[in-house]
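Since the structure comes first, as structure tokens, the remarks are kept for the end.
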Amino acid sequence: MSSFLIHHGVVVALVCAVAAVAYGVLTSQALLALSPGNERMRAISLAVQEGARAYLNRQYTTIAGVGAVIFVLLIPLQNIRVAIGFLIGGLFSASAGYIGMNVSVRANARVAEAARGGVSKALSVAFRGGAVTGLLVVGLALLGISAYYGILTSIAGESTRHAVDALIGLGFGGSLISVVARLGGGIFTKAADVGADLVGKIEAGIPEDDPRNPAVIADNVGDNVGDCAGMAADLFETYAVTAVAVMLLGVLLFNQQSAVALYPLVLGAISIIASIIGTFAVRSAAGKVERALYQGLIASGGLAALAFIPLTYWMMHDVTLKSGQATPHWWKFYLCALIGIAVTACLFVITDFFTSTRFPPVRATARASQTGHATNIIEGLAKGLQSTAPPALVIAFGILGAWKLAGGGTNGIYGIGVAVMAQLSLTGLIVALDAFGPITDNAGGIAEMADLPEEVRNVTDPLDAVGNTTKAVTKGYAIGSAALAALVLFNAFQREVGFKHTFEIGSPPVLIGLLIGGLMVYLFASLAMEAVGRAGGAVVEEVRRQFREKPGIMEGTEQPEYGTAVGLVTRAAQREMILPSLIPILVPLIVGLISVEALGGLLIGVIVVGLFMAIAMTSGGGAWDNAKKLIEDGAYGGKGSEAHAAAVTGDTVGDPYKDTAGPAINPMIKVANIVALLIIPIIT
């Protein structure tokens with residue numbers, strides 16, 4: 001078995017990747033066979049589909065032009081193998097987000113229709129819609145990596161080292177798609193949301209998802225292009241980049257290059273099977289939606305943890321370090337994998353604590369709304385800052401444990417890489433939980449706009465509330481995995497430039513780089529926030545114009561111009577995302593040309609500052625969002641109260657925090673590190 005896995009690990013990875021894609025295809029067919037409801041429901045769903053498709057078509061057309069230029073530049077900078085890898089990574093990442101989003105926007109009406117049959121039925125449809133995206137992400141990521149690696153080593157006759165180097169290009173392709181999808185989708189969704197809320201809820205006094213609001217379709221489109229396609233691209237990139245980084249690190253450290261290169265791929269492959277089995281464990285009991293979703297995740301994690309035992313033994317029990325030092329026992333690598341799963345569990349629990357209506361942070365934010373808008377903002381900011389401490393400690397202890405188990409020193413970084421790869425073994429179900437959010441949100445919107453019976457809203461509203469929490473906890477997971485993946489990438493960068501370049505804090509170039517790295521995060525986040533503010537302001541003006549020029553909208557005698565609002569936000573998002581997207585590409589390039597040591601400091605600064613900024617933004621924004629939900633459910637005066645108005649303001653501030661700037665920092669961190677690896681030939 002050991003020999004089989006080492007020599008046929010690519011085949012194992014390909015088979016499991018194809019199984020994930022097959023699961024996505026079969027599940028999609030089963031979902032699309034369900035009833036999408038009455039004519040009104042189908043019309044609303046179709047409008048969302050057309051808006052989302054138009055946005056992504058325009059986004060990918062823009063990226064294609066940039067990608068073509070980068071493809072050409074990579075040939076002289078690196079070689080044709082890296083350039084082809086870049087192309088594969090970009091195409092597969094875009095495909096995962098595009099296909100998954102198309103299923104999600106079709107599942108929304110089917111969830112609303114299924115809600116007529118109760119919570120369990122609606123939950124099943126919504127989760128399976130999300131699972132399509134989740135399994136496609138891991139399936140296509142693993143398919144791209146393993147297939148290209150297999151072609152290079154088996155057909156092109158490349159060495160393991162050269163093949164892994166080419167895969168860095170694949171990671172960069174996924175990273176480029178990710179940062180643009182996260183940023184552009186985030187600007188779109190929050191500009192539409194902010195515009196719809198400010199005019200609809202506060203000025204016109206109409207409910208969320210009221211069909212009289214001209215921005216309501218744009219809001220529903222944004223949920224999908226931001227939370228579904230955006231998260232899919234984000235975690236596709238994290239998965240691919242981490243796998244490639246661990247492969248590269250293994251090749252640099254160990255003598256048995258095939259075994260250590262294939263080890264992360266085989267871990268990912270067996271985890272896909274565990275994830276597919278885990279999807280069948282998602283069953284609602286007595287309406288406990290959150291518990292039903294998490295029991296699928298727990299089942300998948302448990303099965304993966306068990307499967308890692310023989311796999312780690314077969315592939316790692318006889319590897320040796322190039323340095324000649326004593327190689328850690330194989331079971332220590334297995335314990336590193338368990339640390340990765342444990343870190344994931346802890347991040348879920350911590351993020352849930354700071355963003356769920358069941359716990360003190362959200363309740364305190366809602367309570368602060370009673371005394372006005374300012375106190376709501378102050379409390380939300382405080383909770384966001386507080387939320388950084390527990391995840392940082394968990395990640396720190398996880399790094400320490402994995403590093404020590406793998407032997408410490410420079411060799412111990414491989415243990416951290418194994419922990420991150422194990423953490424990402426749950427990506428399929430994590431993305432499914434995230435996509436569950438926009439699907440249920442849209443289902444509730446369709447139920448509202450189509451005037452479905454109250455008992456349907458009584459099903460979709462609790463699903464939507466849980467979806468808000470799952471979106472928040474999956475963002476916490478994405479941030480944690482991004483920080484750990486970036487640490488592995490930085491170590492690979494350090495080894496590639498050679499240890500003649502040291503990155504000591506006392507060195508002025510390193511300190512300068514640290515400051516520039518931190519500056520990049522703040523500048524990137526500020527530009528993303530400003531983009532939402534400008535685009536949201538344009539939506540506000542458009543909605544006001546329609547209400548002013550078409551007074552019949554409020555009486556129901558005139559139809560809002562939904563398409564005008566969708567087109568406006570699409571153009572704004574595409575325009576606004578360009579400048580921030582260039583920061584993680586151009587700044588490392590410029591700094592690297594000046595000083596390698598400064599570039600190393602920059603990467604450290606981006607990782608550390610980015611981790612804290614991303615956690616504070618996503619958790620703080622989640623607390624604001626669910627504080628509003630808590631009040632809308634009747635707490636502290638309920639809808640229409642002064643506390644509710646203050647909570648809406650807090651949620652409006654928190655929207656670009658948690659759904660635009662915060663999540664986009666994840667790919668930004670990794671893009672900077674990947675760019676540093678790619679420019680090594682011209683800076684050393």
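Because only heavy atoms are used, hydrogens play no part in the values below, and waters and symmetry mates are left out as well, while side chains stay in.
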**Prompt:** Would you say S95 and L140 make side-chain contact, with heavy atoms under 4.5 Å?
**Reply:** yes
**Asked** So, K670 versus T238: side-chain donor-acceptor pair below 3.5 Å or not?
**Response** yes
**Side-chain donor-acceptor pair present, N108, S45, cut-off under 3.5 Å** = yes
**Asked** Would you say I665 and V521 make side-chain contact, with heavy atoms under 4.5 Å?
**Response** yes
**Complete:** Separation between CZ (R106) and CG (L46), nearest 0.5 Å, reads 8.5 Å
**Asked** Any side-chain heavy-atom pair from T474 and V431 closer than 4.5 angstrom?
**Response** no
**Asked** Does CD in E549 sit with more than 12 non-hydrogen atoms of other residues, nucleotides or ligands closer than 6.0 Å?
**Response** yes
**Prompt:** Closest heavy-atom contact between I439 and G129?
**Reply:** CD1-C, 3.6 Å
**Message:** Strictly below 4.0 Å, N to O, side chains only: are R40 and D451 in salt-bridge contact?
**Reply:** no
**Request:** Taking all non-hydrogen atoms of both residues into account, name the closest pair between I276 and A19 and its distance.
**Result:** CD1-O, 4.0 Å
**Request:** Show your reasoning for whether side-chain contact (heavy atoms from CB on, under 4.5 Å) applies to L568 and T564.
**Result:** CA-CA 6 Å; L568 186 154; T564 303; 5.6 Å; no
**Prompt:** Passes side-chain contact (heavy atoms from CB on, under 4.5 Å), V282 versus L297? Steps please.
**Reply:** CA-CA 8 Å; V282 177; L297 186 64; over 6 Å; no
**Item:** Non-neighbouring partners of F127 that pass ring pair (Phe, Tyr, Trp, His ring centres under 6.0 Å), sequence neighbours left out
**Value:** none
**Request:** Please report the shortest heavy-atom distance between M617 and A661, naming the atom on each side.
**Result:** SD-CB, 3.7 Å
**Prompt:** What distance do L74 atom CG and I84 atom CD1 have between them, rounded to the nearest 0.5 Å?
**Reply:** 11.5 Å
**Item:** Side-chain donor/acceptor of T189 to backbone N/O of G185, under 3.5 Å
**Value:** no
**Asked** Salt-bridged, E113 to R110, with N to O below 4.0 Å?
**Response** no
Only pairs under 3.5 Å count here: list side-chain donor-acceptor contacts from residues 173-181, not counting sequence neighbours, and write none if there are none.
from	atom 1	to	atom 2	distance (Å)
S175	OG	G171	O	2.9
S175	OG	E237	OE2	3.0

**Message:** Contact between M668 and P580 at the side-chain level, heavy atoms closer than 4.5 Å - yes or no?
**Reply:** no
**Message:** With rounding to the nearest 0.5 angstrom, report the CG to CG distance, L589 to L582.
**Reply:** 11.5 Å
**Request:** Indicate yes or no for a side-chain donor-acceptor contact from E576 to the backbone of A531 under 3.5 Å, with no hydrogens or angles considered.
**Result:** no
**Request:** Start with the C-alpha gap between Y23 and I272, add the side-chain angles, then the distance that decides, and say whether side-chain contact (heavy atoms from CB on, under 4.5 Å) holds.
**Result:** CA-CA 10 Å; Y23 174 91; I272 285 177; over 6 Å; no
**Item:** Separation of R128 CZ from L26 CG (nearest 0.5 Å)
**Value:** 11.5 Å
**Prompt:** So, for I187 and A573, which heavy atoms are closest and what is the spacing to 0.1 Å?
**Reply:** CG2-CA, 3.8 Å
**Message:** Just to verify, what does Y98 make a side-chain hydrogen bond (donor to acceptor under 3.5 Å, both in side chains) with, not counting sequence neighbours?
**Reply:** N57
**Prompt:** Side chains of V138 and S275: closer than 4.5 Å at any heavy-atom pair?
**Reply:** no
**Complete:** Applied to residues 32-64, the ring-ring contact (aromatic ring centres under 6.0 Å, His included) test, sequence neighbours excluded, yields Y55-F188
**Prompt:** Does the side chain of S481 come under 3.5 Å of the side chain of Y239 through a donor N or O and an acceptor N or O?
**Reply:** no
**Message:** Any heavy-atom pair between the side chains of T440 and V466 that's under 4.5 Å?
**Reply:** no
**Asked** Between T470 and L433, is there a donor-acceptor pair closer than 3.5 Å when you use the side chain of the first and the backbone of the second?
**Response** yes
**Request:** Taking atom types as modelled, find out whether T351 and Y477 have a side-chain donor-acceptor pair closer than 3.5 angstrom.
**Result:** no
**Item:** Rounded distance (nearest 0.5 Å) linking atom OG1 of T62 with atom CD of Q59
**Value:** 7.5 Å
**Fill in**
dist I217:CD1 -> Q49:CD (nearest 0.5 Å) comes out at 11.0 Å
**Request:** Examine distances only and state if a side-chain atom of R42 and a backbone atom of P36 form a donor-acceptor pair shorter than 3.5 Å.
**Result:** no
**Item:** Residues K550 and E561 bridged, charged N to O under 4.0 Å
**Value:** yes
**Message:** Quick check against the 3.5 Å criterion: does S93 have a side-chain atom that pairs as donor or acceptor with the backbone of G90?
**Reply:** no
**Message:** Within the supplied structure, the quantity of interest is the number of heavy atoms (other residues, nucleotides, ligands) at a distance under 6.0 Å from K121 NZ; does it exceed 12?
**Reply:** no
**Prompt:** Are any of the side-chain nitrogens in E541 or R544 under 4.0 Å away from the carboxylate oxygens of its partner?
**Reply:** yes
**Prompt:** Thinking salt bridges, do D651 and K629 make one under a 4.0 Å N-O criterion?
**Reply:** no
**Prompt:** Side chains of E448 and V216: does their closest heavy-atom pair fall under 4.5 Å?
**Reply:** no
**Side-chain (N673) to main-chain (I669) donor-acceptor, under 3.5 angstrom** = yes
**Message:** Which heavy atom of V132 sits nearest to which heavy atom of S28, and what is that distance?
**Reply:** CG1-OG, 3.4 Å
**Complete:** Looking only at heavy atoms, the pair that brings A447 and V456 closest together is CB-CG1, 4.0 Å
**For F86, ring pair (Phe, Tyr, Trp, His ring centres under 6.0 Å) partners two or more places apart** = F172
**Item:** Within-4.5 Å side-chain heavy-atom neighbours: L527 and I583
**Value:** yes
**Request:** Output, in order, the C-alpha distance, side-chain angles, deciding distance and verdict of side-chain contact (heavy atoms from CB on, under 4.5 Å) for T460 and L452.
**Result:** CA-CA 11 Å; T460 58; L452 296 186; over 6 Å; no
Just list the side-chain donor-acceptor pairs under 3.5 Å for residues 618-625, sequence neighbours left out, or say none.
from	atom 1	to	atom 2	distance (Å)
T618	OG1	A614	O	2.8
T618	OG1	I615	O	3.3
S619	OG	I615	O	3.4
W624	NE1	N376	O	3.1
W624	NE1	N376	OD1	3.1
D625	OD2	K658	NZ	3.4

